[in-house]
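Single-structure report; data block below.
By convention in this document, chain letters (A, B, ...) are assigned in the order of the sequence lines, proteins followed by strands, and residues within each chain are numbered from 1. Computed from heavy atoms alone, side chains included, the values below leave out hydrogens, waters and symmetry copies.
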Amino acid sequence: MGTERKRKVSLFDVVDETSVSAKLVKTNGVGPGAMMNNNNSLINRWNGKPYSQRYYEILEKRKSLPVWQQKEEFLQVLKANQVIILVGETGSGKTTQIPQFVLEGVDIETPDRRRKMMIACTQPRRVAAMSVSRRVAEEMDVTIGEEVGYSIRFEDCSSARTVLKYLTDGMLLREAMTDPLLERYKVIVLDEAHERTLATDVLFGLLKEVLKNRPDLKLVVMSATLEAEKFQGYFYGAPLMKVPGRLHPVEIFYTQDPERDYLEAAIRTVVQIHMCEPSGDILVFLTGEEEIEDACRKITKEITNMGDQVGPVKVVPLYSTLPPAMQQKIFEPAPPPSKEGGPPGRKIVVSTNIAETSLTIDGIVYVIDPGFAKQKVYNPRVRVESLLVSPISKASAHQRSGRAGRTQPGKCFRLYTEKSFNNDLQPQTYPEILRSNLANTVLTLKKLGIDDLVHFDFMDPPAPETLMRALEVLNYLGALDDDGNLTEMGEKMSEFPLDPQMSKMLVESPKYNCSNEILSISAMLSGCHQQLSCLGSMPLVGMHHRILIPNCFVRPREAQKAADEAKARFGHIDGDHLTLLNVYHAYKQNNEDPSWCYDNFVNHRALKSADNVRQQLVRIMARFNLKLCSNDFNSRDYYVNIRKAMLAGYFMQVAHLERTGQYLTVKDNQVVHLHPSNCLDHKPEWVIYNEYVLTSRNFIRTVTDVRGEWLIDIAPHYYDLSNFPQCEAKRVLERLYRKREKERENNRK
DNA sequence: GAGCACTGC
């Protein structure tokens with residue numbers, strides 16, 4: 001362990017007290033930001049306290065990071081330029097060190113010297129923002145939340161004294177909505193820019209505008225790949241700096257011929273490595289839960305069948321929806337040899353893309369990369385996002401192979417030919433902005449004051465049809481007027497961290513006297529699958545991980561029947577949205593009791609998380625004076641009003657039951673099927689749905705029964721029959737309009 | 001009667 005530790009200096013490295021204590025008093029480094037006081041001891045300029053011993057210990061380690069070699073050069077380039085592109089591979093230390101260099105090299109006092117401005121450093125993931133800021137606070141010898149802080153959804157850990165703030169890219173975008181020129185910042189560091197998240201891409205365009213209006217603002221774009229040259233071109237030829245990384249060499253192997261069945265090939269490769277290669281753990285990349293569970297069973301079986309001529313193995317699956325206790329297993333050590341002097345044991349992790357960026361496992365020496373991943377694609381014509389197994393990019397393949405070289409030299413087996421790598425793989429994964437429904441993004445851009453989307457300087461402009469679709473949806477929702485300007489409704493909607501349909505439903509809900517219930521349903525739909533969690537071995541290797549719980553219903557393999565029965569007890573005959581409301585109410589009535597949750601096959605953490613989201617939504621409602629109200633629970637209209645309010649947001653996500661027994665989506669006329677997870681005991685003529693999922697069939701999931709009359713009452717502008725394709729639904733609606741007309745005539749008489 | 005790549009506000 002000792003020698004390994006010396007070779008490895010990672011971002012999360014734990015300072016080994018014994019190895020550095022001997023040289024800690026060396027005063028070759030007056031630390032960054034230090035000054036002498038009268039007693040000749042060094043004072044931390046950020047909090048006015050003398051530096052601790054630990055500060056010097058860490059400083060020694062920091063100085064050995066590759067990025068320190070270019071510290072002076074960086075500061076000079078920063079001084080002379082408004083924008084810098086910095087390329088640094090894994091292990092260069094850029095995420096922790098660059099923002100500290102910036103603090104040292106830039107004057108953050110306001111011109112009147114009355115307060116200090118901040119340095120921001122964005123991260124695509126919350127856990128990174130949290131853990132990196134903690135580490136940096138330690139390095140700077142200050143308290144987290146004071147001089148160094150972080151800001152993520154649900155948690156602002158910063159203060160008026162904060163000079164360096166790590167935050168998610170989405171959070172900086174939120175801040176821009178109230179502070180369009182980002183005036184609290186002196187320098188913005190966009191980290192992991194190569195990941196091209198939706199938020200990063202919007203920030204690119206926005207910052208380009210802001211920089212023109214704020215000559216004093218500086219931008220550092222940090223990226224891990226050569227796409228940096230593209231960034232350079234985008235930012236008017238900003239200077240580019242390269243920082244070497246610190247990874248062990250990884251030898252790459254390709255197959256001679258293309259593999260017909262990558263799953264079979266992956267399993268075969270695992271077995272071969274286990275038989276022929278020296279000890280070291282294996283990481284296999286596959287595409288999804290089912291495939292991974294299947295592969296784990298097969299690998300275990302094949303190796304068990306080989307008897308004691310090979311060492312024992314521990315095969316562990318890894319995907320985001322895996323229960324935390326199971327995820328924990330990836331950190332367990334490889335099993336010992338079955339008998340003394342026998343062949344060594346090995347850990348084999350079979351994972352989705354989660355192990356590519358979000359989670360790091362130490363001890364991996366062999367990586368198997370079949371070259372596929374599930375990726376989101378968006379089809380604007382039918383307005384559907386779906387997941388598709390597709391070939392990965394060269395950049396992604398590179399990232400995967402790097403996972404083999406974290407602790408020692410490693411090997412990566414690519415299950416495709418070298419020719420295929422060179423000729424078939426795209427250089428980069430398509431940025432998310434080209435693969436998503438942009439309704440929410442367009443709403444954000446409008447709120448940020450970007451009126452002319454067609455001429456907005458996207459680094460990669462989305463398809464015009466995708467933008468048109470987004471504008472159309474927002475216009476139907478009343479968020480944009482016919483000239484594309486943000487309406488008062490749009491202003492409100494943009495403040496909610498939700499899809500526009502859901503925001504609209506919330507803003508309209510007081511009119512139906514059921515905002516309390518709509519808040520609960522929204523929270524259950526949007527917050528039921530987000531939960532932060534720390535894994536046990538975190539203090540050792542510095543890994544946090546976010547665990548995703550896709551829905552609040554638990555269905556363990558060994559108790560599926562009992563779980564289904566428990567779920568049925570919450571079932572509401574009118575639909576899944578109301579079932580979710582029942583669950584939420586029951587949870588609150590039972591005082592949020594974890595053991596009640598356990599007994600009822602409901603995920604406690606998922607509900608806690610939904611409750612957290614609900615509180616945030618309540619605060620936003622209060623800001624707009626949207627009242628919190630409920631109908632009398634015993635009134636006949638209690639559920640009717642909730643369903644009507646839902647329609648006020650989701651009138652574009654409706655399906656009609658045809659006489660053939662099939663559902664067709666309204667206007668788009670797509671054949672869809674009710675997802676079997678639904679709790680309806682009948683097939684309603686009209687349903688609203690929360691999502692459209694494209695898997696083995698076209699499913700609509702989370703559905704609720706609505707009435708045709710409500711469609712024409714609540715959304716007549718959308719159900720305008722002069723602009724409606726010929727279909728059965730149209731004929732039904734025509735009858736309903738005629739009926740309404742008659743009623744009106746009768747009322748006049 | 002089926003399934004869920006990964007993030008973020």
Nearest to side-chain heavy atoms of A/Pro676, which nucleotide of B/dC9, B/dT7, B/dG1: B/dG1
Which nucleotide sits closest to the side chain of A/His675: B/dC6, B/dC9, B/dG3? B/dG3
Once ring pair (Phe, Tyr, Trp, His ring centres under 6.0 Å) is applied, do any residues pair with A/Phe699, and if so which ones, sequence neighbours excluded? A/His675
Atom CG of A/Asp169 to atom C1' of B/dT7: distance rounded to whole Å? 9 Å
Would you call A/Thr168 and A/Thr122 a side-chain contact if the rule is heavy atoms closer than 4.5 Å? no
Can you tell me the distance, in whole Å, between the OH atom of A/Tyr663 and the P atom of B/dG1? 14 Å
Nearest to side-chain heavy atoms of A/Arg701, which nucleotide of B/dC6, B/dC9, B/dC4: B/dC4
Of B/dG8, B/dG3, B/dT7, the nucleotide closest to the side chain of A/Phe699 is B/dG3
In terms of the nearest nucleotide of DNA chain B, which residue is placed more toward the 5' end: A/Arg697 or A/Met171? A/Arg697
With a 4.0 Å cut-off on N to O distance, would you call A/Glu565 and A/Arg569 a salt bridge? no
Not counting sequence neighbours, which residues clear ring pair (Phe, Tyr, Trp, His ring centres under 6.0 Å) with A/Tyr692? List them please. none
Please confirm whether the shortest side-chain N or O distance from A/Ser677 to OP1 or OP2 of B/dG1 is below 4.0 Å. no
Are A/Glu175 and A/Arg184 close enough for a salt bridge, meaning some N to O gap below 4.0 Å? yes
Could you state the atom-to-atom distance from CD1 of A/Ile354 to P of B/dG8 in whole Å? 11 Å
Between A/Arg153 (CZ) and B/dT7 (P), how many Å, whole number? 15 Å
On DNA chain B, compare the nucleotides closest to A/Lys374 and A/Gln616; which residue's is nearer the 5' end? A/Lys374
Once you round it to whole Å, what is the distance between C1' of B/dC6 and OH of A/Tyr430? 20 Å
Would you please indicate if the ring centroids of A/Phe372 and A/Phe285 are separated by under 6.0 Å? no
Whole angstrom is fine here: how far is it from CD1 in A/Ile433 over to P in B/dT7? 20 Å
Which part of the nucleic acid, if any, lies within contact of A/Glu289, taking any heavy atom under 4.0 Å across all strands shown: a base, the sugar-phosphate backbone alone, or nothing? base
At 4.0 Å (heavy atoms only), tell me whether A/Thr197 reaches a base, stays on the sugar-phosphate, or touches nothing. nothing
Checking contacts here: which listed nucleotide (B/dC6, B/dG8, B/dC4) is nearest the side-chain heavy atoms of A/Arg125? B/dG8
Find the distance A/Glu356:CD to B/dC6:P and express it as a whole number of Å. 12 Å
Check this one for me: any side-chain N or O of A/Arg126 less than 4.0 Å away from OP1 or OP2 of B/dC9? yes
Using a cut-off of less than 4.0 Å, is there contact between a side-chain N or O of A/Thr168 and OP1 or OP2 of B/dC9? yes
Between B/dC9 (C1') and A/Glu175 (CD): distance, integer Å: 12 Å
From B/dT7, B/dG1, B/dC9, nucleotide with atom closest to A/Ile152 side chain: B/dC9
